[in-house]
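These notes concern the structure reproduced below.
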Amino acid sequence: SQCPAAAQLIFGNVDSLYLTDIHAKTAAIIGKDLSASLVSTANLTNKRRIERYVLCYSEKLAQFEVDWIKKAMQNSHPWN
């Protein structure tokens, strides 16, 4: 089931949201002075499990993440 509060948080902070069948947990930020990518084993839940996070400050890696995410979005449907 969908959580209305989570949807409000998401739509208040992102330009677009797409649903895909990819299970990857990754984020990328490309900025003027800093670029980073975050890759994790964690789902976005409150479960108390040990999870792994890797944060890399690399413009090349962040761009790689952005490129495959955009490609995945081309083959999916917007969620509104």
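Keep in mind that the numbers below use all heavy atoms, side chains included, and drop hydrogens, waters and symmetry copies.
A donor and an acceptor atom, one from each side chain of Ser37 and Glu65, are nowhere located under 3.5 Å apart.
For the pair Thr41/Arg49, no side-chain contact is recorded, criterion being any heavy-atom separation below 4.5 Å from C-beta on.
We find the CD-OG distance between Glu51 and Ser40 to be 6.0 Å, quoted to the nearest 0.5 Å. Of the inter-residue distances, the one linking Met73 atom CE with Lys70 atom NZ reads 8.0 Å to the nearest 0.5 angstrom.
Placement of Ile30 and Phe64 in two distinct hydrophobic clusters is found when ILVMFWY residues are connected by side-chain heavy-atom separations under 4.5 Å, directly or transitively. Leu34 and Ile29 end up in different hydrophobic clusters when Ile, Leu, Val, Met, Phe, Trp and Tyr side chains are linked at under 4.5 Å. When hydrophobic clusters are built by joining Ile, Leu, Val, Met, Phe, Trp and Tyr residues whose side-chain heavy atoms come closer than 4.5 Å, directly or via intermediates, Ile22 is not grouped with Val39.
Closest heavy-atom contact between Ala36 and Ala62: O-CB, 3.6 Å.
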